[in-house]
Amino acid sequence: MTLSVFNTMGSRKEPFVPLVPGKVGMYVCGVTVYDLCHIGHARANVAFDIIVRYLRHTGYDVTYVRNFTDIDDKIIRKANQEGVPFEAVTKKYIGAFYEDFDRLGLLRPDAEPKATGHIPEIVALTERLVRAGKAYPVGGDVYYSVKGFPEYGKLSGKNVEDLLAGARVDVDERKNDPLDFALWKASKPGEPAWESPWGPGRPGWHIECSAMSMKRLGETFDIHGGGKDLVFPHHENEIAQSEAATGKPFARYWLHNGFVNINNEKMSKSLGNFFTLRDVLARVKPEVLRFFLASSHYRSPIDYSDRSLGEAKAGLDRLYRVKEKAESCRAAGATPSSAPEGGEFEPLRGAPARFADAMDDDFNTAAALGRLFDAVRALNRLAPAEPSADRERAGIFLAGYELLDPLFAVLGLLRAGAKEYFKERLDVTHVGGISSGTTISDAVRVEIISRITEDEIERRIEARRAARAAKQYAEADRIRKDLEAAGVLLEDGKTGTTWKYKE
RNA sequence: GGCGGCAUAGCCAAGUGGUAAGGCAGAGGACUGCAAAUCCUUUAUCCCCCGGUUCGAAUCCGGGUGCCGCCUCCA
């Protein structure tokens with residue numbers, strides 16, 4: 001099977017055939033840096049992170065470009081509120097972006113252009129449109145003339161008449177037509193400004209993505225991605241201005257991720273019902289959020305709740321337990337031998353192909369995870385109770401695990417050591433849950449958990465071992481219960497007792 | 001008003017013409033001093049409702065109901 005993707009342009013799945021065999025140019029709309037990122041941003045970024053990882057996994061040489069929008073009205077407003085230069089705002093939130101998304105394990109793109117770093121390109125593209133009669137200057141602004149692009153609406157499936165009939169198009173006297181949008185905006189006194197043929201001003205929102213994507217990837221490139229909410233008007237406008245300027249098709253495949261919902265409603269800044277990534281990463285380990293996001297198809301809406309996160313954690317724990325076993329096999333000196341024979345292990349041996357089948361179907365991570373769980377069940381059957389005493393079995397187990405590890409890597413999962421995963425303790429826990437009727441302020445209140453030290457845990461395990469040896473099971477069970485109440489889970493194995501944090 | 005999407009077990013979620021993946025939770029069994037973990041078995045006679053097409057539909061078509069999104073900044 002070969003990769004097919006759902007192309008918003010045309011609203012159907014199509015075989016993916018890149019412009020240049022073996023190479024993929026991909027541009028994803030990034031964030032406007034005026035505030036902390038929320039889970040919606042996390043979803044978009046994780047979705048495209050997995051897409052890039054998979055494309056590379058299948059052998060494509062991917063050039064991945066993701067921008068920062070670092071000049072716009074919201075940034076200016078924030079800077080004014082805080083009485084700082086706009087660069088201070090963007091610098092701060094770009095820093096926050098990396099801090100949050102590095103924890104989520106996002107790949108760094110090959111290029112991360114910023115609008116303010118591409119003013120000459122933006123001005124040049126705007127001039128090109130003006131010269132071509134596709135745009136017109138009015139009093140320091142420059143507007144794109146939508147009427148001059150007959151295909152306007154081809155991405156979002158809208159037609160110009162319907163848009164005009166909608167009462168929500170703002171009326172601006174200076175525009176020739178209500179649908180026209182700004183390529184360049186004249187600056188008011190005191191606002192950030194760059195010189196241009198039309199006087200001091202700054203770029204409109206849409207033009208930066210056209211200018212920066214074409215600069216990095218050429219006038220026609222393979223994949224353009226972003227959230228569903230960018231289809232109209234942002235991407236529609238990008239197409240209009242880019243294709244009007246070049247006369248060539250702009251992006252060939254348009255990929256859009258679905259929203260994160262809270263209580264079945266879109267989470268967004270404007271609705272105020274959002275959780276920042278930091279809120280979430282204070283509650284769960286980053287990979288739990290990744291697992292949660294990967295457990296739905298990227299185009300489907302996904303409902304965020306404590307319960308879903310808890311289920312994701314349980315599922316990811318299960319996967320990490322497999323990695324934990326692989327690590328103990330390796331620690332026991334085993335080396336990977338060969339994958340197990342026999343029909344019952346087919347889900348394991350066939351995992352790479354099954355995984356690829358799922359991912360080839362428009363990056364179906366939910367189905368791919370299902371195949372991985374099938375493989376994990378088969379692999380667990382082989383787990384040696386005592387790796388050091390059963391090297392042969394340990395070697396087969398390791399070989400099986402190594403078949404799977406690259407697939408987990410495509411999803412960005414199981415990237416930590418199992419020990420760190422199970423013994424990484426979250427610093428804070430939240431009071432209150434995220435469920436129907438919960439307000440955001442309830443949910444983000446935090447309290448510090450009182451901790452028990454690892455030495456103390458070891459001490460108590462030793463006391464319990466002694467009690468068990470003396471068959472004082474009541475005492476042994478009491479110790480286990482106390483530790484459990486402190487969030488520590490004990491597991492008795494053949495070679496001794498191990499522990500992990502429960503949360 | 002215009003355009004679009006979704007409705008699958010207690011919960012999450014794949015599947016889009018051939019007779020319901022997977023996860024979580026639950027039940028029984030094996031293992032264990034008991035647990036935990038793991039393994040085995042089990043949990044939707046049926047995929048919102050009503051019609052239709054078909055040898056055959058959760059999957060296609062028509063109608064209905066419900067929910068959501070876009071048309072304004074938004075991942």
Side-chain angles (χ1 to χ4, degrees), chain A residues 8 11 28-32 34 37-48 69 72-74 77 153 156-159 161-170 205 225-234 236 256-261 264-271 274 291-292 295-297 299-303 305 307-319 321-322 324-325 354 358 361 364-383 385 468 471-474 476-477 480-481 484 489-494 497-500 502:
Chain A
T8 305
S11 290
V28 175
C29 286
V31 295
T32 301
Y34 71 104
C37 286
H38 56 66
I39 318 171
H41 297 114
R43 185 180 199 192
N45 279 287
V46 168
F48 289 105
T69 295
D72 94 320
D73 291 347
K74 296 185 292 293
R77 199 182 316 134
S156 55
K158 299 183 184 307
N159 65 65
E161 292 75 48
D162 290 344
L163 287 170
L164 285 174
R168 299 172 77 182
V169 180
D170 64 331
W205 174 34
K228 250 190 169 93
D229 47 357
L230 297 183
V231 173
F232 188 91
H234 184 54
E236 195 71 69
H256 293 100
N257 64 274
F259 297 130
V260 177
N261 292 157
N264 218 25
E265 279 202 331
K266 177 185 173 182
M267 153 164 34
S268 76
K269 285 276 173 70
S270 44
L271 292 173
F274 65 93
F291 181 98
F292 167 65
S295 63
S296 296
H297 186 94
R299 284 191 288 113
S300 308
I302 186 167
D303 212 62
S305 68
R307 182 170 185 165
S308 307
L309 235 41
E311 290 181 359
K313 196 228 169 237
L316 184 61
D317 279 359
R318 173 128 185 254
L319 300 180
R321 284 181 188 282
V322 177
E324 185 177 42
K325 287 176 198 137
R354 291 163 190 253
D361 185 12
N364 192 338
T365 54
L369 261 181
R371 301 292 76 75
L372 255 18
F373 273 103
D374 288 336
V376 160
R377 190 182 316 114
L379 183 57
N380 269 328
R381 287 188 197 126
L382 286 163
R468 290 178 74 207
K471 298 211 187 298
Q472 292 166 356
Y473 292 122
D477 290 350
R480 186 170 61 200
K481 261 193 167 160
E484 188 167 358
L489 180 71
L490 296 192
E491 298 182 330
D492 296 333
K494 283 250 191 306
T497 298
T498 59
W499 64 273
K500 44 180 59 98
K502 281 170 70 190

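Just so it is clear, the structure is predicted and the values come from calculations on it, not from any experiment.
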Peer 1: G33(B), C71(B), A75(B): which one has an atom nearest the side-chain heavy atoms of Ala476(A)?
Peer 2: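 Nearest listed nucleotide: G33(B).
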Peer 1: Taking atom C1' of U38(B) as reference, at what distance in whole Å does atom CG of Asp492(A) sit?
Peer 2: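 Value for this atom pair: 14 Å.
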Peer 1: Base, sugar-phosphate, or nothing for His297(A), non-hydrogen atoms under 4.0 angstrom?
Peer 2: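 Sugar-phosphate, backbone atoms only, no base.
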Peer 1: Among A75(B), G15(B), A14(B), which nucleotide sits nearest the side chain of Ala367(A)?
Peer 2: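 Nearest to the side chain of Ala367(A) among the choices is A14(B).
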Peer 1: For G56(B) versus G18(B), give the span between their P atoms, rounded off to a whole number of Å.
Peer 2: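 Approximately 15 Å lies between the P atom of G56(B) and that of G18(B).
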Peer 1: How long is the line joining NZ of Lys158(A) and C1' of C71(B), in whole Å?
Peer 2: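 Value for this atom pair: 4 Å.
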Peer 1: Does U38(B) have a Watson-Crick or wobble partner in any strand here, with both distances under 3.5 angstrom, and which is it?
Peer 2: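 A30(B) is the nucleotide pairing with U38(B).
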Peer 1: Answer with base, sugar-phosphate or nothing: what part of the nucleic acid does Gly258(A) contact at a heavy-atom distance below 4.0 Å?
Peer 2: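 Base, at least one base heavy atom under 4.0 Å.
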Peer 1: With a 4.5 Å cut-off on side-chain heavy atoms, are Asp492(A) and Arg468(A) touching?
Peer 2: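 Yes, side chains in contact.
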Peer 1: Ser11(A) near the nucleic acid: base, sugar-phosphate alone, or nothing, with a heavy-atom cut-off under 4.0 Å?
Peer 2: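 Nothing: the residue Ser11(A), judged by heavy atoms under 4.0 Å, touches no strand.
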Peer 1: At 4.0 Å (heavy atoms only), tell me whether Val260(A) reaches a base, stays on the sugar-phosphate, or touches nothing.
Peer 2: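 Base, at least one base heavy atom under 4.0 Å.
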Peer 1: Choose from G23(B), G22(B), A75(B) the nucleotide whose nearest atom is closest to any side-chain atom of Glu311(A).
Peer 2: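 Per side-chain heavy atoms of Glu311(A), the pick is G23(B).
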Peer 1: Taking any heavy-atom pair under 4.0 Å as a contact, classify Leu489(A): base, sugar-phosphate, or nothing.
Peer 2: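 The answer is sugar-phosphate, as Leu489(A) gets under 4.0 Å only of primed atoms, P, OP1 or OP2.
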Peer 1: Roughly, in whole Å, what's the span from CZ in Arg321(A) to C1' in C39(B)?
Peer 2: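 From Arg321(A) CZ to C39(B) C1': 14 Å.
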Peer 1: Are the side chain of Asp361(A) and the backbone of Asn364(A) linked by a donor-acceptor contact shorter than 3.5 Å?
Peer 2: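 Judged by distance alone, no pair lies under 3.5 Å.
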Peer 1: With C1' as the reference atom in both, quote the distance from G10(B) to A27(B) in angstrom, rounded to an integer.
Peer 2: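 Taking atom C1' in both G10(B) and A27(B), they lie 13 Å apart.
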Peer 1: For A25(B), which nucleotide in any strand shown is its Watson-Crick or wobble partner with both distances under 3.5 Å?
Peer 2: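 Pair assignment: A25(B) / none.
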Peer 1: Could you check whether Arg299(A) gets within reach of a base, just the sugar-phosphate, or nothing at all, counting any heavy atom under 4.0 Å?
Peer 2: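 Touches nothing.
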Peer 1: Taking the side chain as C-beta and beyond, is there a heavy-atom pair between Arg321(A) and Asn380(A) under 4.5 Å?
Peer 2: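 They are not in contact (no side-chain heavy atoms under 4.5 Å apart), so the answer is no.
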Peer 1: Below the 4.0 Å mark, does G23(B) have OP1 or OP2 next to a side-chain nitrogen or oxygen of Ser296(A)?
Peer 2: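 So the side chain of Ser296(A) is outside the cut-off, no N or O lying under 4.0 Å from OP1 or OP2 of G23(B).
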Peer 1: Is it the case that the base of G69(B) and the side chain of Asp229(A) share a donor-acceptor contact (distance under 3.5 Å, atom types as modelled)?
Peer 2: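 Such a pair does not exist between side chain and base.
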Peer 1: Does Lys74(A) reach a base, just sugar-phosphate, or nothing at all? Heavy atoms under 4.0 Å.
Peer 2: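 The answer is sugar-phosphate, as Lys74(A) gets under 4.0 Å only of primed atoms, P, OP1 or OP2.
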Peer 1: NZ of Lys269(A) versus C1' of C73(B): gap in Å, rounded?
Peer 2: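 Atom NZ in Lys269(A) sits about 10 Å away from atom C1' in C73(B).
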Peer 1: Tell me the partner of C47(B), counting only Watson-Crick (N1-N3 plus N6-O4 or O6-N4) or G-U wobble (N1-O2 and O6-N3) with both under 3.5 Å; none if nothing fits.
Peer 2: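 Looking at the geometry, C47(B) pairs with no nucleotide.
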Peer 1: Please measure how far the C1' atom in G26(B) lies from the corresponding atom in C67(B), and state the result in whole Å.
Peer 2: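 About 29 Å, rounded to a whole number of Å.
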Peer 1: Decide yes or no for Phe259(A) and Met267(A): does some side-chain heavy atom of the first lie under 4.5 Å from some side-chain heavy atom of the second?
Peer 2: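 Side-chain contact under 4.5 Å: no.
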Peer 1: Work out how far the C1' atom of A58(B) is from that of G15(B), and round it to whole angstrom.
Peer 2: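 Here A58(B) and G15(B) have their C1' atoms 9 Å from each other.
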Peer 1: Taking only the P atom of each, what is the distance from G63(B) to G2(B) in whole angstrom?
Peer 2: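 Between the two P atoms, the distance is 15 Å.
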Peer 1: Could you pull out the closest heavy-atom pair between Phe48(A) and Gly225(A), with the gap in Å?
Peer 2: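 Smallest heavy-atom distance, with atoms named: CZ-CA, 3.6 Å.
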Peer 1: Using a heavy-atom cut-off of under 4.0 Å over every strand shown, decide if Asn380(A) touches base, sugar-phosphate, or nothing.
Peer 2: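 Sugar-phosphate contact only.
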Peer 1: Taking the nucleotide of RNA chain B with the nearest heavy atom to each, does Met267(A) or Ala368(A) sit closer to the 5' end?
Peer 2: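 The residue closer to the strand's 5' end, by nearest nucleotide, is Ala368(A).
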Peer 1: Would you kindly give the CD-to-P distance between Gln472(A) and C34(B), to the nearest whole Å?
Peer 2: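 Nearest whole value for this atom pair: 18 Å.
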Peer 1: What is the nucleic acid contact for Ala383(A), judged by heavy atoms within less than 4.0 Å: base, sugar-phosphate only, or nothing?
Peer 2: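 Here Ala383(A) touches no strand at all.
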Peer 1: Between Thr32(A) and Asn159(A), which residue's closest nucleotide on RNA chain B lies nearer the 5′ terminus?
Peer 2: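 Going by which nucleotide is closer to the 5' end, it is Asn159(A).
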Peer 1: Mind calculating the distance between NE2 (His41(A)) and C1' (C73(B)) to the nearest angstrom?
Peer 2: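 My rounded result for the distance is 11 Å.
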Peer 1: Can you name the nearest heavy-atom pair linking Ser296(A) to Arg43(A), along with the distance?
Peer 2: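 Here Ser296(A) and Arg43(A) meet closest at CB-NH2, 4.2 Å.
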Peer 1: The side chain of Pro233(A) is closest to which nucleotide in this list: A14(B), A37(B), C73(B)?
Peer 2: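 Shortest atom-to-atom distance from the side chain points to C73(B).
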Peer 1: Is the phosphate of C68(B), meaning OP1 or OP2, less than 4.0 Å from a side-chain N or O of Lys228(A)?
Peer 2: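 No, Lys228(A) has no side-chain N/O under 4.0 Å of OP1/OP2 on C68(B).
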Peer 1: So for Arg480(A) and C34(B), does any side-chain atom that can act as donor or acceptor lie under 3.5 Å from a complementary atom in the base?
Peer 2: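 Yes, a donor-acceptor pair under 3.5 Å.
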Peer 1: For G18(B), give the paired nucleotide (Watson-Crick: N1-N3 plus N6-O4 or O6-N4; G-U: N1-O2 and O6-N3; both under 3.5 Å), or none.
Peer 2: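 Partner of G18(B): C55(B).
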Peer 1: Please work out which of the three classes, parallel, tilted or perpendicular, describes the rings of Phe373(A) and Phe291(A), given edges at 30° and 60°.
Peer 2: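 Perpendicular, since the angle between the ring planes exceeds 60°.
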Peer 1: Phe373(A) near the nucleic acid: base, sugar-phosphate alone, or nothing, with a heavy-atom cut-off under 4.0 Å?
Peer 2: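 Answer is sugar-phosphate: Phe373(A) comes under 4.0 Å of backbone atoms only.
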Peer 1: For Lys325(A), answer base if it contacts any base atom (sugar-phosphate contacts may also be present), sugar-phosphate if it contacts only those atoms, and nothing otherwise; contact means non-hydrogen atoms under 4.0 Å.
Peer 2: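 Sugar-phosphate contact only.
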Peer 1: If only side-chain N and O atoms of Arg381(A) are considered, is one of them under 4.0 Å from the OP1 or OP2 phosphate oxygen of C40(B)?
Peer 2: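 It does, given that an N or O in the side chain of Arg381(A) lies less than 4.0 Å from OP1 or OP2 of C40(B).
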Peer 1: What nucleotide among G33(B), G69(B), G15(B) has an atom nearest to a side-chain atom of Asp477(A)?
Peer 2: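 For the Asp477(A) side chain, the nearest candidate turns out to be G33(B).
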Peer 1: Any side-chain N or O of Arg377(A) less than 4.0 Å from the OP1 or OP2 oxygen of G23(B)?
Peer 2: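 For Arg377(A), the contact criterion (side-chain N or O under 4.0 Å from OP1 or OP2 of G23(B)) is met.
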Peer 1: Round to the nearest Å and state the distance from Lys494(A) atom NZ to U38(B) atom C1'.
Peer 2: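 Distance check: Lys494(A) NZ to U38(B) C1' gives 11 Å.
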Peer 1: Is Gly40(A) touching bases, backbone alone, or none of the nucleic acid, heavy atoms closer than 4.0 Å?
Peer 2: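 The answer is base, as Gly40(A) lies within the cut-off (heavy atoms under 4.0 Å) of a base atom.
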Peer 1: Do Lys266(A) and Lys228(A) make a side-chain contact, defined as non-hydrogen atoms from C-beta onward lying under 4.5 Å apart?
Peer 2: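 Not in contact.
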Peer 1: Figure out the CZ/C1' separation between Phe292(A) and G23(B), and round it to whole Å.
Peer 2: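 Distance, rounded to whole Å: 13 Å.
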Peer 1: Are the side chains of Lys500(A) and Asp317(A) in contact, using a 4.5 Å heavy-atom criterion?
Peer 2: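 No, every pair of side-chain atoms sits at 4.5 Å or beyond.
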Peer 1: Contact class for Arg318(A) vs. all strands (heavy atom < 4.0 Å): base, sugar-phosphate, or nothing?
Peer 2: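 Sugar-phosphate only.
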Peer 1: At 4.0 Å (heavy atoms only), tell me whether Ser308(A) reaches a base, stays on the sugar-phosphate, or touches nothing.
Peer 2: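 Answer is nothing: Ser308(A) stays at 4.0 Å or more from every strand.
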Peer 1: Can you tell me the Watson-Crick or wobble partner of C3(B), both distances under 3.5 angstrom?
Peer 2: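 Paired with G69(B).
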Peer 1: Nearest to the side chain of Asn257(A) - G15(B), C70(B), A75(B)?
Peer 2: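 It is A75(B).
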